[in-house]
Amino acid sequence: MLYQRWVDAGYFTADVDSDKPPFTIVIPPPNVTSSLHIGHAFEHSLIDAVTRRKRMQGCETLWLPGMDHASIAVHALVEKQLADEGTDRREMGREAFVERVWQWKNEHGGKILGQMRRLGDGVDWTREAFTLDEQRSRAVQAMFKRLYDDGLIYRAERLVNWSPALRSGLSDAEVEHKEVEGELVSMRYGAADDSGPSIVVATTRVETMLGDTAVAVHPDDERYAAMVGTEIELPLTGRKIPIIADKHVDPKFGTGAVKVTPAHDPNDFEIGQRHNLPMPTIMDEQGRIADTGTEFDGLDRFEARVAIREALRAQGRIVAEKRPYLHSVGHSERGNEPIEPRLSLQWFLNVDGMAKAAGDAVRSGEVAINPPELAKRYFDWVDNLHDWCISRQLWWGHRIPVWYGPNGEMVCLGPDDEAPAGEGWRQDEDVLDTWFSSGLWPFATLGWPEQTPDLARFYPTSVLITGYDILFFWVIRMMMFGIYGMEQPPFRTIALHGMVRDQYGKKMSKSRGNTVDPLLWVDQYGADALRFTLLRGANPGADVPVNEEWVDGSRRFGTKLWNATRFALSNGATVADPVPAREELTDADRWILDRTDALVSEVDGQFENFEFAKLSEALYHFVWDEFCDWYLELAKVQIAEGEARAAATRPVLGHVLDVVLRLLHPLTPFITESLWTTLTGQESLVVADWPTATGAPADATAAARIDAVQRLVTEIRRFRSDQGIKPGQAVRAQLSGGFEVGISDHERAVRVLARLDEPGEAFAPTASIEVALPTGTMTVRIDTSGAIDVAAERKRLAKDLAAAQKELGQTQGKLDNPKFTSKAPAEVVAKIEARKQTAVADIDRITAALAALPQE
RNA sequence: GGGCGCAUAGCUCAGCGGGAGAGCACCGGCCUUACAAGCCGGGGGUCGUAGGUUCGAAACCUACUGCGCCCACCA
């Protein structure tokens with residue numbers, strides 16, 4: 001349909017000006033496991049708007065669409081399906097598993113693609129990404145090899161966040177800390193009674209005591225000074241462990257003595273390293289107690305916690321228990337189970353130099369972060385980055401390209417290297433963290449490590465538009481890899497948006513039940529309405545609340561635009577004829593043309609700053625308030641005036657609509673496409689030129705006259721409304737005064753807009769309204785054909801009087817203050833003085849009008 | 001525990017040193033030939049609290065209160 005036409009019309013193959021810089025944008029991947037999320041619709045709206053404008057400006061645009069995380073998500077989804085079927089993926093083998101994944105992709109890819117299409121984008125996300133898999137693997141392997149050869153990747157036995165359910169290590173970023181109600185158990189080590197030396201330690205994880213290799217106290221803690229250096233018996237095991245002094249211990253917490261389990265606690269690991277303690281691992285990869293030689297071997301960690309506590313209790317060693325004890329425990333982001341610190345052999349990336357460079361790129365201004373306030377967060381993260389554990393013990397993802405030989409050889413292979421043949425060689429079983437491959441996005445998608453023409457032309461990319469929530473995970477990694485691999489940061493600008501929230505600003509979540517399916521809204525209100533709603537709420541870096549009613553409001557805006565265009569077209573609006581010279585135009589024409597020009601520069605400027613909310617608002621008010629409510633009404637009068645006037649008005653209508661539709665196109669592509677092609681008869685708005693402001697000075701006189709007309713008409717309408725005169729009912733009236741501002745030229749318009757007939761014969765005014773205009777007071781004498789509602793009129797005037805008196809009080813107060821008149825800038829004082837004069841005049845006028853009212 | 005951010009109309013948010021704004025909601029009147037998915041008019045806020053800076057503060061500073069987010073190894 002319409003969308004397809006754009007593609008056919010050349011949205012992706014349009015001829016471009018070669019002198020314009022190319023515009024490259026990185027597309028964050030959608031999550032395909034759930035139905036399309038509103039957050040993706042939001043992000044897509046922003047990206048598409050920015051790109052469409054660039055294309056209209058003549059830039060060669062390129063999206064770098066991605067599916068990497070999504071691809072990973074599919075793997076996870078398939079694994080879950082397998083689990084539901086009772087199949088253990090470990091037993092089916094890697095090849096069979098991958099086969100299942102492809103099966104899923106083949107079944108669902110088309111559907112997802114269809115959903116994306118309905119949102120009006122032109123990129124075949126799914127297919128793109130899946131065909132990129134192989135190429136991506138080459139990039140990953142090349143990058144790994146390079147880092148490895150540079151000595152930045154190393155293998156080490158470290159404490160990692162271990163997920164027993166996934167049987168894999170996790171990066172810090174994948175761990176979520178949650179407050180949980182646990183228990184704090186204090187237990188006695190050493191002698192169970194007073195027969196010998198003992199020491200009391202406290203823990204929330206009793207089961208780890210089996211792996212204790214020391215008890216630590218603070219070096220300055222006099223209570224234990226005598227015991228430091230001695231050994232004490234570890235209950236249940238019979239092992240003797242030393243009492244050591246380490247300044248990590250907080251003497252004020254608990255008893256001031258800490259059990260040390262180096263293989264199962266990050267702090268203890270450090271203490272263990274400092275004191276050269278043994279580091280026995282007491283749990284297997286599924287979180288079961290193992291290799292302790294005690295009766296607890298084989299127990300799950302949580303069962304063991306209870307069993308060991310009770311065993312200690314039986315020995316009278318439990319001296320205190322606090323339950324519930326609120327403390328923070330790391331949970332796996334995916335499985336939502338408590339992670340277990342575990343000692344294991346992992347691959348690490350030394351990020352010191354890369355992180356520094358990533359920070360400096362922003363510090364130097366080479367890369368801009370929008371909004372700038374969020375740069376602080378970026379620095380917080382980048383300046384405190386620890387070495388990154390890049391290995392995962394998962395079954396999906398890019399395998400670590402390291403091979404081990406039968407005699408202890410270890411070789412790292414690049415993408416073009418042959419895998420070593422021969423008996424006994426095997427590849428490392430681990431795969432790389434998702435973010436390792438995702439971090440290569442900006443150049444891997446352009447063909448790196450090959451030096452492709454695309455890479456030369458489109459790297460570095462122009463802008464990354466993504467959510468602030470992903471700044472740490474993804475952006476920082478792309479920055480590091482880009483600078484390392486391409487010697488240039490991957491983007492010139494990082495534009496961050498917020499999260500889509502519900503109408504009360506609450507986070508959307510399944511448990512809260514406030515999620516929305518954007519496709520339902522698209523079906524019901526149209527893609528344009530959804531996009532406009534999202535864009536209209538998009539202040540840089542801030543969250544975006546959405547609500548179905550607001551989407552409906554956006555749809556009404558589209559309808560308004562539709563009707564306005566329809567009306568203009570039916571009255572001959574055209575772009576075929578040039579807009580007549582200024583001197584042939586009316587004040588209304590000049591005013592709306594000037595306003596249009598101002599709108600162009602405003603919208604254009606806001607686009608540069610990613611101020612989507614502001615530019616949407618400007619367009620909304622221009623279309624609705626200025627164009628529809630005033631100019632179209634004035635144009636009706638002009639068209640009715642005769643053919644000459646009408647002929648001059650038509651190109652103005654056409655021009656204003658032409659510009660507005662172009663400006664709106666990035667926000668609401670569908671409706672503008674339809675209206676614009678009808679208006680102009682041209683092929684497609686997608687490849688039209690972006691408007692540029694003329695920069696010509698606005699006609700201040702015309703603007704002032706139109707402003708006067710608006711104020712006059714509004715005052716008369718207000719009087720009519722207060723007097724209960726039906727809007728459709730014309731009343732006779734006589735206008736006088738205020739002509740020096742050119743109102744006389746517009747009397748006809750005022751009469752039409754305010755429904756005033758000529759006074760005619762036997763004109764007997766029953767009321768008069770005075771409207772203060774910049775250069776004089778306009779008097780409107782009205783024949784209401786009967787007695788006026790004096791009470792209503794008195795109320796109306798009293799309200800105006802009160803406002804004027806308040807204004808007088810405020811301005812007079814300032815002017816009476818000598819400090820104000822002497823210290824404030826002259827123009828401010830002059831302005832206040834002018835306001836005061838206006839207030840005085842208003843009070844005189846209104847007071848007189850009140851006095852003239854008949855007494856009741 | 002550390003850091004950051006936000007408190008403005010019933011709701012969601014702009015404004016960020018010189019006249020309190022928008023959308024929606026609300027009240028009243030209109031089927032006025034582009035549009036009732038509309039038009040016209042209107043009501044509504046001591047800008048979180050308390051101090052300070054300034055001729056002048058919603059805006060700048062300080063403290064407090066209440067929310068939100070991020071980071072974090074507290075046994």
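This is a predicted model, so every value here is computed, not measured. Atom set for the values below is all heavy atoms of this structure, side chains included, hydrogens, waters and symmetry mates excluded. Proteins come first, then strands; the chains are lettered A, B, ... in the order of their sequence lines, and each starts at number 1.
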Colleague: Is it possible for you to check whether Arg556(A) lies under 6.0 Å from the centre of the six-membered ring of Trp624(A), through NZ or CZ, and within 45° of that ring's axis?
Modeller: no

Colleague: List the protein contact pattern of nucleotides 37-42 of chain B with one symbol per nucleotide (5' to 3'): B for base contact, S for sugar-phosphate-only contact, - for none; contact means a heavy-atom distance under 4.0 Å.
Modeller: BSSSSS

Colleague: To the nearest angstrom, how far is Leu569(A) atom CG from rU33(B) atom P?
Modeller: 20 Å

Colleague: Using the C1' atoms only, state how far rC67(B) lies from rG21(B), rounded to an integer number of Å.
Modeller: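 Looking at atom C1' only, rG21(B) and rC67(B) are 24 Å apart.
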
Colleague: Can a donor-acceptor pair be found between the side chains of Trp630(A) and Asp625(A) at a distance below 3.5 Å?
Modeller: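 Note: Trp630(A) and Asp625(A) side chains miss the donor-acceptor criterion.
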
Colleague: With RNA chain B as reference, determine whether Gly724(A) or Asn817(A) sits nearer its 5' end, using the nearest nucleotide of each.
Modeller: Gly724(A)

Colleague: In plain terms, say whether Asp707(A) and Arg711(A) are close enough for a salt bridge, that is, a side-chain N and a carboxylate O under 4.0 Å apart.
Modeller: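 Between Arg711(A) and Asp707(A) there is a salt bridge, with a charged N closer than 4.0 Å to a carboxylate O.
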
Colleague: What integer distance in Å separates Leu385(A):CG from rC71(B):P?
Modeller: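 Rounded to the whole Å, the gap is 13 Å.
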
Colleague: Ignoring hydrogens and geometry beyond distance, is a side-chain donor-acceptor pair present between Asp246(A) and His275(A) at under 3.5 Å?
Modeller: yes

Colleague: Per the salt bridge (Lys or Arg N to Asp or Glu O under 4.0 Å) rule, which among Arg205(A), Arg305(A), Lys322(A), Arg309(A) passes with Glu183(A)?
Modeller: Arg309(A)

Colleague: Within the structure shown, what part of the strands sits under 4.0 Å from Leu632(A) by heavy-atom distance: base, sugar-phosphate, or nothing?
Modeller: base

Colleague: Using atom C1' in both nucleotides, what's the gap between rG28(B) and rG44(B) to the nearest angstrom?
Modeller: 15 Å

Colleague: Assess the side chains of Arg835(A) and Thr811(A): does a donor N or O sit below 3.5 Å from an acceptor N or O?
Modeller: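 Per modelled atom types, Arg835(A) and Thr811(A) side chains form no pair under 3.5 Å.
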
Colleague: Can you tell me, in whole Å, how much space there is between the P of rG66(B) and that of rA58(B)?
Modeller: 25 Å

Colleague: Who passes side chain to side chain donor-acceptor pair (under 3.5 Å) against His264(A), sequence neighbours left out?
Modeller: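 With sequence neighbours excluded, His264(A) shows a side chain to side chain donor-acceptor pair (under 3.5 Å) to no residue whatsoever.
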
Colleague: Distance check needed: rA34(B) P versus Leu634(A) CG, whole Å only.
Modeller: 14 Å

Colleague: Take atom C1' in rG2(B) and the same atom in rA72(B), then report the distance between them in whole Å.
Modeller: 7 Å

Colleague: For the pair made of OH in Tyr378(A) and C1' in rC71(B), what is the distance, rounded to whole Å?
Modeller: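 Nearest whole value for this atom pair: 17 Å.
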
Colleague: Can you see if the side chain of Lys614(A) gets near the phosphate of rG15(B) - specifically, an N or O under 4.0 Å from OP1 or OP2?
Modeller: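 Yes, such a contact exists.
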
Colleague: Should stems be defined as at least three consecutive Watson-Crick or G-U pairs with both distances under 3.5 angstrom, which of them involve RNA chain B?
Modeller: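 Consecutive-pair runs (3 or more) involving RNA chain B: B:1-7 with B:65-71, B:10-13 with B:21-24, B:26-30 with B:38-42, B:48-52 with B:60-64.
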
Colleague: With C1' as the reference atom in both, quote the distance from rG43(B) to rA9(B) in angstrom, rounded to an integer.
Modeller: 11 Å

Colleague: Answer yes or no: is there a donor N or O on one side and an acceptor on the other, between the side chain of Asp221(A) and the main chain of Val217(A), under 3.5 Å?
Modeller: no

Colleague: Between Ser674(A) (side chain only) and Phe670(A) (backbone N and O only), is there a donor and an acceptor less than 3.5 Å apart?
Modeller: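 Absent.
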
Colleague: May I ask you to say whether Arg501(A) pairs ionically with Asp543(A), meaning some side-chain N is under 4.0 Å from a carboxylate O?
Modeller: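 Salt bridge present between Arg501(A) and Asp543(A).
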
Colleague: Distances under 3.5 Å only, N/O to N/O: pair up the protein atoms with those of nucleotides 16-19 of chain B.
Modeller:
{"unit_1": "rG19(B)", "atom_1": "OP1", "unit_2": "Arg835(A)", "atom_2": "NH1", "d": "3.2"}
{"unit_1": "rG19(B)", "atom_1": "N2", "unit_2": "Glu807(A)", "atom_2": "OE2", "d": "2.9"}
{"unit_1": "rG19(B)", "atom_1": "N2", "unit_2": "Arg835(A)", "atom_2": "NE", "d": "3.4"}
{"unit_1": "rG19(B)", "atom_1": "N3", "unit_2": "Arg835(A)", "atom_2": "NE", "d": "3.1"}

Colleague: What does the B/S/- profile of nucleotides 1-13 of chain B look like, 5' to 3', with a 4.0 Å heavy-atom cutoff to protein?
Modeller: --SSS-----SSS

Colleague: Could you tell me the separation between the CG atom of Asp625(A) and the C1' atom of rG23(B), rounded to a whole number of Å?
Modeller: 11 Å

Colleague: Could you tell me if the ring centre of His497(A) sits under 6.0 Å from that of Tyr468(A)?
Modeller: no

Colleague: Check whether any side-chain nitrogen or oxygen of Lys636(A) sits under 4.0 Å from OP1 or OP2 of rA34(B), and answer yes or no.
Modeller: yes

Colleague: Strictly below 4.0 Å, N to O, side chains only: are Arg531(A) and Asp528(A) in salt-bridge contact?
Modeller: no

Colleague: Between rA22(B) and rG15(B), how far apart are the C1' atoms? Round to whole Å, please.
Modeller: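 Per the computed distance, 10 Å lies between those C1' atoms.
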
Colleague: Regarding Phe269(A), tell me which of base, sugar-phosphate or nothing describes its non-hydrogen contacts under 4.0 Å with the strands shown.
Modeller: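 Nothing: the residue Phe269(A), judged by heavy atoms under 4.0 Å, touches no strand.
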
Colleague: Working note: Thr261(A) + Lys259(A), criterion side-chain hydrogen bond (donor to acceptor under 3.5 Å, both in side chains); need CA distance, chi angles, decisive distance, verdict.
Modeller: CA-CA 7 Å; Thr261(A) 323; Lys259(A) 62 191 277 300; 3.1 Å; yes

Colleague: For the residue pair Phe612(A) and Phe607(A), does the interplanar ring angle fall in the parallel (under 30°), tilted (30 to 60°) or perpendicular (over 60°) class?
Modeller: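 Plane angle over 60°, so perpendicular.
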
Colleague: CD of Glu827(A) versus C1' of rC55(B): gap in Å, rounded?
Modeller: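 Result: 14 Å.
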
Colleague: Any donor-acceptor pair under 3.5 Å linking the side chain of Arg317(A) with the backbone of Met187(A)?
Modeller: no

Colleague: Within the sub-3.5 Å range, which N or O atoms of nucleotides 73-75 of chain B have a protein N or O partner, and how far apart are they?
Modeller:
{"unit_1": "rC73(B)", "atom_1": "O2'", "unit_2": "Asn267(A)", "atom_2": "ND2", "d": "2.9"}
{"unit_1": "rC73(B)", "atom_1": "N1", "unit_2": "Asn267(A)", "atom_2": "OD1", "d": "3.2"}
{"unit_1": "rC73(B)", "atom_1": "O2", "unit_2": "Asn267(A)", "atom_2": "OD1", "d": "2.2"}
{"unit_1": "rC73(B)", "atom_1": "O2", "unit_2": "Asn267(A)", "atom_2": "ND2", "d": "2.6"}
{"unit_1": "rC73(B)", "atom_1": "N3", "unit_2": "Asn267(A)", "atom_2": "OD1", "d": "3.3"}
{"unit_1": "rA75(B)", "atom_1": "OP1", "unit_2": "His327(A)", "atom_2": "ND1", "d": "3.4"}
{"unit_1": "rA75(B)", "atom_1": "OP2", "unit_2": "Tyr325(A)", "atom_2": "OH", "d": "3.4"}
{"unit_1": "rA75(B)", "atom_1": "O3'", "unit_2": "Thr203(A)", "atom_2": "OG1", "d": "3.4"}
{"unit_1": "rA75(B)", "atom_1": "O2'", "unit_2": "Ala202(A)", "atom_2": "O", "d": "2.7"}
{"unit_1": "rA75(B)", "atom_1": "N6", "unit_2": "Asp250(A)", "atom_2": "O", "d": "2.6"}
{"unit_1": "rA75(B)", "atom_1": "N6", "unit_2": "Phe253(A)", "atom_2": "O", "d": "3.1"}
{"unit_1": "rA75(B)", "atom_1": "N1", "unit_2": "Asp250(A)", "atom_2": "N", "d": "3.4"}

Colleague: Starting at atom CD of Gln812(A), determine the distance to atom C1' of rG56(B), rounded to an integer number of angstrom.
Modeller: 16 Å

Colleague: Thinking salt bridges, do Glu715(A) and Arg796(A) make one under a 4.0 Å N-O criterion?
Modeller: yes

Colleague: Atom CG of Leu496(A) to atom P of rC69(B): distance rounded to whole Å?
Modeller: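 Leu496(A) atom CG is separated from rC69(B) atom P by 18 Å.
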
Colleague: Is it the case that Arg536(A) places NZ or CZ above or below the six-membered ring of Tyr620(A), under 6.0 angstrom from the centre and within 45 degrees of the axis?
Modeller: yes

Colleague: To the nearest 0.5 angstrom, please state how far the CG atom of Asn539(A) sits from the NZ atom of Lys614(A).
Modeller: 5.0 Å

Colleague: Give me the distance, rounded to whole Å, that separates rG68(B) from rC27(B) when you measure between the C1' atoms they each carry.
Modeller: 35 Å

Colleague: Heavy-atom nearest nucleotide on RNA chain B for Thr565(A) versus Glu611(A): which residue maps closer to 5'?
Modeller: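 Per heavy-atom nearest nucleotide, the more 5' residue is Glu611(A).
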
Colleague: What distance, rounded to whole Å, do you find between the two P atoms, one in rC47(B) and one in rC26(B)?
Modeller: 26 Å

